[in-house]
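Here the structure comes first, spelled out in structure tokens, and everything after it is commentary.
Source: prediction; values computed, not measured. Order of listing sets the numbers, starting from 1, for every ligand and every atom in it. Quick note: numbers below take in every heavy atom, side chains included, and nothing from hydrogens, waters or symmetry partners. Index from 1, following the sequence.
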Amino acid sequence: MPRKVNYGPDYDDNYDEYDYGYEVDENETPPQKETIKHSVWRCSICTYDNDETMSSCDICGVLHGPLLNNSIYDKKRTANIFDLKSSRVSSTVVGRDEAVKVSSMRSDSSNQSTEKGKHNRLDEINILKNIEVGPPAGSRTSDNCSASVQEGWLGHVDESSVAVNLRSRGKSSLSLMPKERNVMVDDSSSSRNGGEANSLTSNLENISFAAKSRHSNDAKPGRAISRAQYKPEKWMLPEKAEHSLTQLNLAIVGHVDSGKSTLSGRLLHLLGRISQKEMHKYEKEAKLQGKGSFAYAWALDESAEERERGITMTVAVAYFDSKRYHVVVLDSPGHKDFVPNMITGATQADASILVIDASIGSFEAGMDGTKGQTREHAQLIRSFGIDQLIVAVNKMDAVDYSKERFDLIISQLGAFLRSCGFKDSSVSWIPLSAVENQNLVSAPSDFRLSWYLGPNLLDAIDSFQPPTREFSKPLIMPICDVIKSPSQGQVSACGKLEAGAVRSGSKVLVMPSATIATVRSLERDSQACPIGRAGDNIAVSLNGIDGNHVMAGGVLCHPDFPIAFAKHLELKVLVLDGATPILIGSQLEFHIHHAKEAARVARISFLLDSKTGKVVKKAPRCILAKQSAVVEVILQEAVCVEEFSKCKVLGRVFLRTLGRTVAVGIVTRIVEEQQ
Ligand code: GTP
Ligand code: MG
């Protein structure tokens, strides 16, 4: 059953409240292009032309590119690993000791998001319907949605998984993403080692250049064919009996230390995925390190650093079967420094469990507007299109399984979730204790929880509506990880198949290198599999391609239906509540599927009315928190992208700065495509 369309910002607040009266003549023609003199930069506030050596405006003091500090960025980059823990997925593609997991060293500043943006999907759609912006001549038109931007959004209303997706992965401010992902990093030579960052960077730049030079040489993609004309072959469509259990990708998110990994580990143990022997081993090792309470979490937190620090840093992938689903658990980090990693896992999710620490003070800390991750995670997952949520109110043992505490959490968090666009009917609230094994896979045995008569966690998971899959569309698989086996000369692209299907022998177009490769073999859940279909998380081993041309942030697609590669995009964005205003000239981190790129806001075309979606102001100078606008961004390097109306997963974006998500949005137009 399709997910219900219920996305969008909550524009309940009167728009005028946020119109701070920046004087812009309504009749004024929007600036076509910034005309900035060479060696000067124009202040986006007072328009004074500053010498390029000035880091802030000489007149009004506004920082030049205040939102991106390369040096800081790069420094942090070396300290922060961003790799989807796909070891269970990938380790049998090649031997673990041989398989080189290409870890993307993430840069993400430690500041956390404080956005409290309200979302109401219907209002958002109304706004979108009313955006009267047609693609200008020369811009890439959608295949089946070329009529107008708003038509795409409307069409999408009828589907179910609309929403603005936020995704992160990849490059630093110096466009490092594809390059760094392409470098083979030996497991033992830690990519966290800051000392290696510089040489790595230069290597990556070369590799990227090489990759780009192949773009448009190796393949001559047939742009003319419409996706609507695509006819899937019979093998691409699942037969009914083929999979008895539907795969459900389940993101476990929530504030740091709320118990996500412990809960995941406990579930896996209860469901027989972790043996008693393994559990004893974790318990013993954890105790030895003085971290006895983390024994279950150790099943997911595998690295020495994660275990030592007692926090999850990368997304761990694990599997279990419920009555209805083959569940892929994506255990996310809760720490603010690793929000981008959380995003990578959560963008692959069909549904989510938001874990809350019920202990006194901890729930409140998670809800804190400036330091807590509960709000940010909830906003982000909703923005990814996830509309089915279980709120696991964990650590109920710490509050004596108090019904009052549970009710208080429901009332406070419930109001916030509603403002994010979650329907009450799509949110289940489950009081539980991971440590004391209460209410996970069976009814609670502790009498203090006897007041609770609802389903246990596993039953609640089974109550999720099955996700819709785009089996009949041309192949699209955003690449989130690349595994290389130097000795065997093999390269595998890992990710979730968002549309279409592949099997061994299939030809795939690898973007952005625009190189055609042949699928050698596939692996799903650590097992070789003959066919991968939409919804599957797979590792695709490729033949006939130089490993350097396969990169995280890239996309595998159907050779006849190449996706676009562009750096100049028009977006419709919503600035989140509490976020820094976006100005013309703002430097931001642009995130799209698994790619990240430095971006400059080149133009703010329109400010939109929250209720009607009509253009209320042309060419405003800035977009304040909770305002919605049409903007043009120019990325430092091109990314694989599609208009949202054509392909949701490649058209959802979010903008971050200084470790905070400041806006979510969608790609409404590809202004200029890279050739
Ligand atoms: P990050 O991934 O770093 O965000 O943390 P997490 O949410 O995965 O938390 P984790 O599972 O690592 O647990 C953090 C601490 O909470 C550990 O000491 C756990 O033992 C404790 N904890 C987890 N669940 C419960 C619970 O049900 N009750 C109590 N009292 N403590 C719990
Ligand atoms: Mg954890």
Side-chain angles (χ1 to χ4, degrees), residues 80-82 84-85 108 110 112 250-270 274 279 282-283 285-287 289-303 305-318 329-346 352-363 365-366 371-378 380 391-402 405-406 409 430-441 444-446 448-449 456-457:
N80 193 345
I81 303 290
F82 181 27
L84 180 67
K85 269 191 196 167
D108 194 55
S110 57
Q112 65 132 113
L250 185 61
I252 318 292
V253 302
H255 188 60
V256 66
D257 273 352
S258 53
K260 299 175 291 298
S261 304
T262 303
L263 180 61
S264 306
R266 189 91 205 210
L267 259 183
L268 292 169
H269 182 232
L270 289 167
I274 300 173
M279 207 51 240
Y282 293 137
E283 273 166 10
E285 288 171 0
K287 243 183 217 157
Q289 278 199 28
K291 301 254 180 211
S293 71
F294 286 87
Y296 286 102
W298 276 30
L300 286 302
D301 296 339
E302 290 175 315
S303 77
E305 191 173 356
E306 286 179 319
R307 290 178 173 186
E308 199 182 309
R309 292 176 64 180
I311 58 167
T312 306
M313 293 163 76
T314 58
V315 177
V317 183
V329 177
L330 302 157
D331 177 36
S332 312
H335 194 280
K336 60 188 163 71
D337 283 0
F338 305 109
V339 170
N341 296 12
M342 165 269 174
I343 287 166
T344 285
S352 182
I353 298 181
L354 175 64
V355 182
I356 301 298
D357 181 343
S359 330
I360 307 296
S362 299
F363 164 66
K371 289 180 188 153
Q373 255 58 62
T374 303
R375 282 165 179 263
E376 182 173 27
H377 282 200
L380 287 174
V391 183
V393 183
N394 189 30
K395 306 198 189 181
M396 285 296 289
D397 55 291
V399 290
D400 266 343
Y401 297 95
S402 156
R405 181 71 176 161
F406 182 66
I409 291 170
I430 317 282
L432 49 84
S433 166
V435 158
E436 296 196 349
N437 182 20
Q438 291 299 317
N439 213 14
L440 266 61
V441 299
S445 56
D446 194 306
R448 289 172 296 174
L449 206 46
N456 61 52
L457 182 63

Worksheet item: Do the non-hydrogen side-chain atoms of S433 and Y401 ever get within less than 4.5 Å of each other?
Response: yes

Worksheet item: Hey, does G259 come in under 3.5 Å of ligand 1, counting only N/O atoms on both sides?
Response: yes

Worksheet entry | Minimal non-hydrogen separation, I353 against A392, with atom names | CG2-CB, 3.7 Å

Worksheet item: Can an N or O of G254 be found at a distance shorter than 3.5 Å from an N or O of ligand 1?
Response: no

Worksheet item: Under 2.8 Å from the Mg ion (ligand 2), which protein atoms of type N, O or S occur, listed by chain and number?
Response: S261 OG, T312 OG1

Worksheet item: Would you call R307 and E285 a salt bridge, using N to O less than 4.0 angstrom?
Response: yes

Worksheet entry | Test of proximity, D331 against ligand 1: N or O pairs below 3.5 Å | no

Discussion item. So, regarding V435 and ligand 1 (criterion: nitrogen or oxygen to nitrogen or oxygen, under 3.5 Å), is there a contact or not?
Written reply: yes

Worksheet item: If you measure from the Lys or Arg side-chain nitrogens to the Asp or Glu carboxylate oxygens, is any gap between R309 and E305 under 4.0 Å?
Response: yes

Discussion item. Does only the side chain of N394 get under 4.0 Å from ligand 1, or the backbone, or both, or neither? Count heavy atoms.
Written reply: side chain

Discussion item. Can you confirm, on distance only, whether ligand 1 has an N/O atom lying under 3.5 Å from any N/O atom belonging to D301?
Written reply: no

Item to complete: Using a 4.0 Å heavy-atom threshold (strictly under), name the region of I311 that reaches ligand 1: side chain, backbone, both or neither.
Response: both

Item to complete: Please write down residue, atom name and distance for the protein heavy atom closest to atom 5 (O) of ligand 1.
Response: D257 N, 3.1 Å

Worksheet item: Does an N or O from L263, backbone or side chain, lie closer than 3.5 Å to an N or O of ligand 1?
Response: no

Item to complete: Using heavy-atom distances, let me know which of T262, L432, V253, D357 sits nearest atom 11 (O) of ligand 1.
Response: T262

Practice prompt. Only counting residues at least two apart or in another chain, list the ones meeting side-chain hydrogen bond (donor to acceptor under 3.5 Å, both in side chains) with S445.
Written response: Q438

